[in-house]
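Sequence lines set the chain letters: A, B, ... in the order given, protein chains first and strands last, and positions in each chain run from 1.
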Protein chains: 2
Amino acid sequence: MDNKEISQAVIGRLPRYFRYLGELKDEGIERISSQELSDIMKVTASQIRQDFNNFGGFGQQGYGYKVEYLYEEIGKILGLNKSHNLIIIGAGNLGQALANYMNFERRGFLFKGIFDNDPALYGRKIRSLEIQPMEEMETFVRVNEIDIAVLTIPKTEAVGVAERLVQAGIRGIWNFAHVDLNVPKDIQVENVHLSDSLMKLTYNISRFENGD
Amino acid sequence: MDNKEISQAVIGRLPRYFRYLGELKDEGIERISSQELSDIMKVTASQIRQDFNNFGGFGQQGYGYKVEYLYEEIGKILGLNKSHNLIIIGAGNLGQALANYMNFERRGFLFKGIFDNDPALYGRKIRSLEIQPMEEMETFVRVNEIDIAVLTIPKTEAVGVAERLVQAGIRGIWNFAHVDLNVPKDIQVENVHLSDSLMKLTYNISRFENGD
DNA sequence: AAGGGAATGTCAATGAATTGACATTATTTT
DNA sequence: AAAATAATGTCAATTCATTGACATTCCCTT
């Protein structure tokens with residue numbers, strides 16, 4: 001593998017390529033050119049080739065790309081060839097919704113535990129997982145080799161919990177709390193700031209109303 | 001107002017400024033310089049000034065920015081001075097979680113209805129809102145002046161429902177379905193593709209493991 | 001009231017990302 | 001087997017975004 005740094009702009013596009021290629025594969029399509037993919041995905045063919053070439057050539061000149069092979073390779077790049085153990089911190093509405101969402105499991109994301117600090121919830125089951133007290137979080141992470149913690153707790157608690165998770169050896173945090181976490185740079189954080197997303201939407205709506 | 005196009009890169013940063021300024025305001029801090037904000041937010045002071053200047057000068061030379069004023073102005077830019085009427089399409093786990101999330105209401109996002117096509121759910125209440133059949137969606141949008149539809153339905157249904165919403169006069173779609181919607185360009189779409197986000201996280205985790 | 005200090009607003013320079021162009025190479029056809 | 005075709009891989013050009021530098025302007029103190 002080439003070890004030059006890949007820009008996050010490129011990484012951000014990989015899941016979308018992966019999704020479209022998966023759909024093409026399911027439709028039984030075996031090969032595709034960057035131009036055809038360009039038409040479907042509404043991005044330039046040049047960008048597609050440029051993006052893929054960051055990881056070495058996946059295609060064959062004069063032929064195009066083999067859909068299944070390309071799909072598999074992008075999956076590997078995204079780390080989807082291995083399974084990942086996750087825990088959810090915060091058994092509120094959002095935490096429960098994510099725990100119940102089956103599609104993640106199909107991609108190798110395995111929910112191993114769910115934690116909360118409300119005693120009223122302890123022992124309650126969500127899809128075969130019992131809600132556990134937060135005190136047991138660290139031990140659980142170590143014993144069960146948890147890679148990823150999903151933070152669905154209020155922002156006031158999030159920073160402290162993140163620190164504890166880092167101490168316990170977590171590798172990545174999927175952060176739904178509306179706060180920026182400050183963790184060592186070898187710990188990956190992916191933020192999902194829903195209200196930020198909603199504000200972008202209202203900006204674009206009102207911008208359009210004001211005749212732009 | 002200046003009507004030159006503002007890049008989405010800038011727009012994407014506005015909610016974060018807004019959040020930090022809100023916190024500063026709550027702490028009773030009245031003024032701040034781009035350099036101080038830079039230290040807190042870990043972005044360059046130059047970028048902060050450049051970003052704000054897209055909308056005309058908010059600051060005073062030699063003094064800095066008035067926190068409250070800046071907060072209000074960015075709120076206006078983001079369209080948060082008006083309230084927005086929303087409906088949720090899809091009363092599954094995620095739809096219910098969003099309906100129950102109180103913080104949106106505080107910012108003027110008013111959930112007016114929730115729809116599903118499962119008759120077993122009709123009439124069931126989520127926070128004072130009865131789940132309604134999807135057939136009533138279009139009429140409801142028109143009668144209640146709904147701006148924004150939140151799509152929390154499977155991707156197979158999402159494209160068709162989006163078209164119906166556009167016909168009914170929706171202004172924006174907050175799309176949680178894992179599919180790209182194809183709508184007229186005067187209709188705004190903001191995608192929240194959770195699995196894409198999770199894949200970015202696993203990419204960064206595995207990239208780090210492979211000693212990059 | 002005037003001068004010094006401080007921080008903005010803005011211009012220029014740099015850096016990053018995207019697009020365009022084309023030589024190269026594999027495939028397919030004759 | 002050779003020529004024609006097709007589409008990649010890659011280089012160069014362009015566009016866009018970020019950073020740096022500084023003159024200008026405003027506040028605040030004396």
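- For A:T44, no side-chain nitrogen or oxygen approaches OP1 or OP2 of C:dT18 to under 4.0 Å.
- Where A:Q8 and A:Y63 each meet DNA chain C at their nearest nucleotide, the meeting point lying more 5' is that of A:Q8.
- At most 12 non-hydrogen atoms from other residues, nucleotides or ligands lie less than 6.0 angstrom from CD of B:E145.
- Counting only heavy atoms from C-beta outward, the side chains of A:D180 and B:R16 approach each other to under 4.5 Å.
- When the nearest nucleotides of DNA chain D are assigned to A:S46 and A:G64 by heavy-atom distance, the more 5′-ward of the two goes with A:G64.
- Straight-line distance from the CD atom of B:Q35 to the P atom of C:dA6: 13 Å, rounded to whole Å.
- Taking atom CD1 of A:I48 as the reference point, atom P of D:dA7 lies 13 Å away to the nearest angstrom.
- Remark: aromatic rings of B:W174 and B:F109 are distant, center separation not under 6.0 Å.
- Taking atom CD of residue B:E5 and atom C1' of nucleotide D:dA17, one finds them 15 Å apart after rounding to whole Å.
- When the side-chain nitrogen and oxygen atoms of B:S7 are compared with OP1 and OP2 of D:dA17, one or more of them lie within a distance under 4.0 Å.
- Within the cation-pi definition used here (under 6.0 Å to the ring centroid, within 45° of the axis), B:R31 qualifies as a partner of B:Y63.
- Atom-to-atom, CD1 of B:I11 to P of D:dA17 comes out at 11 Å; the value is rounded to the nearest Å.
- By the 6.0 Å contact criterion, CD on A:Q8 is enclosed, its count of non-hydrogen atoms from other residues, nucleotides or ligands being greater than 12.
- Comparing B:G62 and A:V43, the nucleotide of DNA chain C nearest to each residue sits closer to the 5' end for B:G62.
- On a pure distance criterion of 3.5 Å, no polar donor-acceptor pair joins the side chain of A:Q60 and the base of C:dT27.
- Atom CG in B:D51 sits about 10 Å away from atom C1' in D:dT18, given to the nearest Å.
- Among the protein residues, B:Y65 comes within range of the sugar-phosphate backbone only, with heavy atoms under 4.0 Å from sugar or phosphate atoms but none that close to a base.
- Distance from the side chain of A:R49 is smallest to C:dA21 among D:dC22, C:dT27, C:dA21.
- Comparing D:dC11, C:dC11, D:dT8 by their closest approach to the side chain of B:Q50 singles out C:dC11.
- The side chain of A:R31 places an N or O atom within less than 4.0 Å of a non-bridging phosphate oxygen (OP1 or OP2) of C:dT28.
- Distance CG (B:D39) to P (C:dA7): 12 Å, rounded to an integer number of Å.
- The interatomic distance linking A:L37 (CG) with D:dG9 (P) rounds to 13 Å, in whole Å.
- Comparing D:dT19, D:dG9, D:dC28 by their closest approach to the side chain of A:Q61 singles out D:dG9.
- Atom CD in A:Q47 sits about 17 Å away from atom P in D:dT10, given to the nearest Å.
- Phosphate proximity of C:dT8 to B:S34: present, with a side-chain N or O under 4.0 Å from OP1 or OP2.
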